[in-house]
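Within every chain, numbering begins at 1; the chains are lettered A, B, ... in the order of the sequence lines, protein sequences first and strands thereafter.
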Amino acid sequence: MTAARALSEPATLLRSAWRLLLKSVGGPTLVIGRRWRLPRRRAGVTGAGLPPRLRNLAWRTARTAGLLPWERRDVLHELCSHFSEGLLAGKTEDQLMNSFGDPEAAGRLIGLAKRRTRPFPYRTAVRTVQAAACLGVLCGAAYGALAAWYYTAPPPLPAAWAELRERFRPHIPEEQAAWPLYRAAVMNLPRVPAARLAKLHWADLWPGDPGFEEVRDYLNTAGPSLQLVRDGARRPRVGRTQRDDELNRQFITIGVRNYMPAPPPQLGEDPPLIVQQGTPDSVVHFLAQHLLADARLAIVEGDAERFFADLEAILGMGSQIRAEPRITASVQSSLLFSAALYAAADAARDADFLNDAHLSRLASLLAQLDQRTTPIADLSEERLFFEDLLSRTGTEWGRMTPAGIEGVIATMDSLREQGGIVPAMDLIEWMRELGPAAAARVARRDELLAEFDRLAARAFADAATPQWAWRHHPGDVEFLHVTSDPAWQARYAPVGRIFPKVGEQNVGFAADRTADLLHRRDAITAAIALELHRRRNGDYPATLEALVPGLLPAVPMDRHTGNPIVYGMLDGRPLLYSLGVDRDDDGGRTPDGRYGNERASRLLSARLPGNEPADGDYVLWPRIRYGGEGEPLPVPGRR
Amino acid sequence: MRIDRELMRGAGPVAVLKLLERGEMYGYELAEALARRTDGVLDMGQSTLYPMLYNLEAKGLIEGVWRESASGRDRKYYKLTASGKRRLAEDTEQWRGLATAMAALGITPHPPAARGATP
């Protein structure tokens with residue numbers, strides 16, 4: 001074969017390379033330990049022409065050695081050769097048998113010796129296979145023990161979680177609870193499909209917008225319900241729940257069917273606490289949207305008293321929700337307070353709507369926001385949800401039980417089938433795939449709760465840090481670190497899967513939103529002071545310091561930098577802005593120069609390493625309306 | 001005289017190596033030579049001889065090669081390797097020392113003086 005042909009045909013080339021390799025490393029010696037081609041086993045024995053006793057002796061010896069076929073043939077052939085030589089030398093069969101000795105012992109010794117002659121790769125491979133087999137057996141035994149441990153676990157801990165929950169839901173007397181009024185308000189609302197209202201963006205409609213007339217007619221006919229809501233908002237607590245009595249069940253089946261996205265599902269007796277949250281907050285939020293739209297309508301119609309009634313009611317509802325010991329309630333209340341600030345900003349921006357007394361009243365109302373946005377206290381109810389889940393799925397020692405897991409999964413599946421939102425989906429999916437080995441690695445129940453508390457404490461410590469004092473939240477960084485650690489994930493999987501939902505993001509989000517509320521509140525208060533100054537002096541002041549202390553207690557602080565907010569002019573009217581999360585002055589230009597004003601204040605998106613903050617300023621006054629995508633903002637000027 | 005198994009385990013290999021020093025031999029020939037040249041003292045059964053041969057082969061001290069004899073029979077001839085020769089030299093030295101020590105104790109007669117040695 002020519003070299004050219006070998007190179008041109010891959011198969012030929014491979015064969016040539018293989019031959020070269022065999023030749024260079026010893027070829028058959030490497031594979032079977034020798035070069036000599038042996039006769040076939042039967043031919044070797046019968047060909048020797050030995051008497052049966054000697055042949056059997058050779059056979060017994062070779063068989064006892066426990067060798068590979070070619071090794072056995074080699075030994076057999078040599079023994080037969082030995083006996084043949086003996087017979088030819090004149091020895092008798094008995095003499096040869098007696099001189100041979102014990103064939104069993106010989107076979108064992110021959111086996112030991114022959115195995116030492118095997119090639120190193122063969123011996124290594126055999127040892128590797130043996131070790132792997134031993135390891136497999138050990139792993140199998142260990143997994144079997146774990147499976148027995150897992151599947152014979154006792155049933156989950158019985159606990160009166162519904163009673164424990166009542167610690168966080170003290171009984172509120174009927175006359176102090178807002179819920180009965182809210183419930184009646186919903187049931188008395190005009191029957192308009194929720195889907196229709198949702199399409200209208202009805203909480204942010206102004207004259208000339210499509211659908212404005214429809215919403216106005218709707219709100220005018222909803223007057224009695226809105227009055228019930230305003231009355232309820234004056235009460236100290238919501239005082240719910242939905243499931244307590246027959247009246248609430250009636251509300252669920254009649255009222256919510258028309259107004260809520262989906263009816264609360266029927267989950268049987270004693271479902272996990274985590275599936276029982278949310279809907280009451282949604283109802284309050286739903287009603288607050290009505291009041292926000294009504295406040296806008298009051299501005300349009302010049303009805304200041306109605307505007308203030310709606311504004312005070314929204315603030316009252318926010319305070320009611322804020323009183324609930326859940327971080328999600330803090331988030332919900334921030335949304336309500338934010339809606340109130342939008343209404344206040346809209347009213348203050350309309351120079352003809354409010355007189356001096358009204359402006360002072362509005363500033364006074366806004367000043368109450370400090371008390372209403374109390375610091376976020378804890379995750380008590382979320383922790384109870386978590387503890388409830390752990391108690392249903394495991395024993396006191398955190399031993400996850402298939403029976404308990406099945407129960408929780410069945411509840412969640414039922415919730416999903418009825419169109420409900422399944423909370424902590426990650427955790428449910430993890431439990432669905434849980435097996436003995438993974439369950440054995442999960443930390444004890446008390447350790448899981450301790451880790452939950454540790455991360456919660458870290459999140460709250462971050463939340464208490466002023467916005468201008470940090471770049472990346474240490475708690476976020478640590479949470480990212482631990483959740484990317486496979487060992488931590490295996491040990492604290494339930495915490496890793498549920499904490500982001502109830503804790504880490506919500507604590508940070510609630511804290512950021514609360515700081516943002518006060519940020520915007522300060523700017524609106526300053527804008528009111530500027531308007532009062534204009535009315536008294538005919539023009540806006542040169543600086544915000546000119547308003548202090550007569551019209552303003554202090555110059556508002558930019559919460560992203562710790563310095564005073566920037567005061568400029570836009571179309572002849574005041575412009576107030578913060579430098580935003582990027583902390584540099586872009587001259588009042590918002591991110592992208594167009595819209596998305598609040599992107600400049602989104603701390604949550606900028607708080608993780610690697611996330612760049614939005615480039616632009618956070619314009620606090622005047623409020624830049626959403627929906628202006630594509631429309632460039634006027635270029636502001638410095639005052 | 002039967003030699004104790006432990007003694008045979010020490011003496012057998014060096015005896016085989018010594019026999020192969022003169023030239024290659026096959027198994028039966030080795031067994032016969034051992035018995036004949038030691039007056040039956042090292043007449044070990046084949047159940048001991050062949051494992052010993054395979055052990056020496058595994059250690060690389062001897063090498064076995066199948067070859068057809070003049071009589072037309074297949075025989076496996078064993079011969080010393082270079083490493084086997086070195087091992088034989090070392091073992092011979094040790095056995096001589098041992099024999100001298102045994103003689104000093106009166107267990108064995110004094111070995112004859114080495115050829116050419118000065119009395």
Go through the steps to decide whether B:Gln46 and A:Leu79 satisfy the test side-chain contact (heavy atoms from CB on, under 4.5 Å), and finish with yes or no. CA-CA 9 Å; B:Gln46 289 82 56; A:Leu79 293 180; 5.6 Å; no
Within residues 129-147 of chain A, the residues sitting under 4.5 Å from chain B by heavy atom, in sequence order, are none
By residue number, those in residues 95-105 of chain A with heavy atoms under 4.5 Å from heavy atoms of chain B are A:Leu96, A:Ser99, A:Phe100, A:Gly101, A:Asp102
So, the part of B:Glu29 with a heavy atom under 4.5 Å from chain A: the answer is neither
Residue from A:Arg115, A:Arg108, A:Glu78 scoring the most non-hydrogen pairs under 4.5 Å with chain B is A:Glu78
| query | Would you say B:Arg75 and A:Glu85 make side-chain contact, with heavy atoms under 4.5 Å? | reply | yes
Quick one: pull up [atom1] in [X] and [atom2] in [Y] and give me the separation to the nearest 0.5 Å.
X: A:Arg116; Y: B:Glu57; atom1: CZ; atom2: CD; result: 12.5 Å
X: A:His82; Y: B:Glu32; atom1: NE2; atom2: CD; result: 7.5 Å
X: B:Leu53; Y: A:Ile110; atom1: CG; atom2: CD1; result: 9.5 Å

message = Determine whether A:Glu71 and B:Tyr54 satisfy the following criterion, side-chain contact (heavy atoms from CB on, under 4.5 Å), listing intermediate values before the conclusion.
response = CA-CA 11 Å; A:Glu71 293 171 333; B:Tyr54 297 148; over 6 Å; no
- prompt: Between A:Val75 and B:Tyr50, is a side-chain contact (heavy atoms from CB on, under 4.5 Å) present by the stated rule, with each step listed?
  reply: CA-CA 9 Å; A:Val75 171; B:Tyr50 283 102; over 6 Å; no
Margin query: Take a 6.0 Å sphere around CZ of A:Arg441 and say whether it holds more than 12 heavy atoms from other residues, nucleotides or ligands.
Written below: no
Exercise for review: Count the heavy atoms of every other residue, nucleotide or ligand shown that sit under 6.0 Å from CZ of A:Arg432, and state whether that count exceeds 12.
Suggested key: yes
Treating A:Ser81 as the side-chain partner and B:Asp74 as the backbone partner, does any N or O pair qualify as donor plus acceptor under 3.5 Å?
yes
Closest heavy-atom pair, A:Ala106 versus B:Pro51, reported as atoms and distance to 0.1 Å, is O-CG, 3.9 Å
